[in-house]
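Values in this document were obtained by computation on a predicted structure and should not be read as measured data. One-based numbering along the sequence shown.
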Amino acid sequence: FQEDGIMIKELWQVDTIRWDEVTEVLFEYEGNSGDFTFTFKDGSQYVLPHSGSIGTQGTSIIYRQANAFGIPYIEKSKQ
């Protein structure tokens, strides 16, 4: 997690989700797991699975940064 975005590392590729490109963050959870869906200005989406590696601290950072950038943060159960 960085102040201006979230760095995503997948095998041979590194991407950054920049907060100024995000229009909405949706966190859908079921029990102790869930998914963050980031919606971008161009309408595209990126799904980041919430896992033990993100934990409650990572969830808090995403929530705080979304609020700091005025991005709607929606949290709901998958049920």
Side-chain angles (χ1 to χ4, degrees):
F1 297 101
Q2 301 171 342
E3 199 167 304
D4 64 342
I6 300 171
M7 186 179 295
I8 308 294
K9 296 179 184 180
E10 296 183 39
L11 280 183
W12 309 107
Q13 185 175 345
V14 176
D15 291 316
T16 301
I17 296 173
R18 293 184 44 86
W19 292 115
D20 59 358
E21 297 173 355
V22 176
T23 59
E24 179 184 273
V25 177
L26 170 63
F27 178 51
E28 291 183 289
Y29 60 89
E30 186 171 18
N32 291 330
S33 64
D35 296 312
F36 286 100
T37 301
F38 298 88
T39 302
F40 299 96
K41 290 179 181 177
D42 67 0
S44 64
Q45 294 183 322
Y46 180 83
V47 177
L48 176 65
H50 179 274
S51 63
S53 61
I54 293 176
T56 56
Q57 183 178 4
T59 301
S60 280
I61 291 169
I62 292 171
Y63 175 79
R64 282 196 316 268
Q65 289 301 97
N67 280 316
F69 280 84
I71 301 166
Y73 180 95
I74 302 163
E75 188 171 310
K76 66 181 186 179
S77 173
K78 286 186 178 186
Q79 298 177 13

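Separation of atoms CZ (Phe36) and CD (Glu75) is listed at 7.5 Å; rounding is to 0.5 Å. The distance from the CZ atom of Arg18 to the CZ atom of Phe38 is 14.5 Å, given to the nearest 0.5 Å.
Considering every non-hydrogen atom in both Glu28 and Lys78, the closest pair reads O-CE, 3.6 Å. Listed here is the closest heavy atom pair of Lys41 and Asp20: NZ-O, 2.8 Å.
With contacts defined as side-chain heavy-atom distances shorter than 4.5 Å, the pair Tyr73/Ile62 qualifies. Thr23 has its side chain out of reach of Phe40: every pair of non-hydrogen atoms, C-beta onward, lies at least 4.5 Å apart. Here the side chains of Tyr63 and Val25 are not in contact, with every heavy-atom distance at 4.5 Å or above. Looking only at side-chain heavy atoms (C-beta outward), Tyr46 and Ile17 come within less than 4.5 Å of each other.
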| task | Evaluate side-chain contact (heavy atoms from CB on, under 4.5 Å) for Lys76 paired with Leu26, printing each intermediate quantity in order. | result | CA-CA 8 Å; Lys76 66 181 186 179; Leu26 170 63; 4.0 Å; yes
| message | Using side-chain contact (heavy atoms from CB on, under 4.5 Å), reason through Asn67 and Arg64 one step at a time and then give a plain yes or no. | response | CA-CA 5 Å; Asn67 280 316; Arg64 282 196 316 268; 5.9 Å; no
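Ring to ring, His50 and Phe27 are close: their centroids are under 6.0 angstrom apart.
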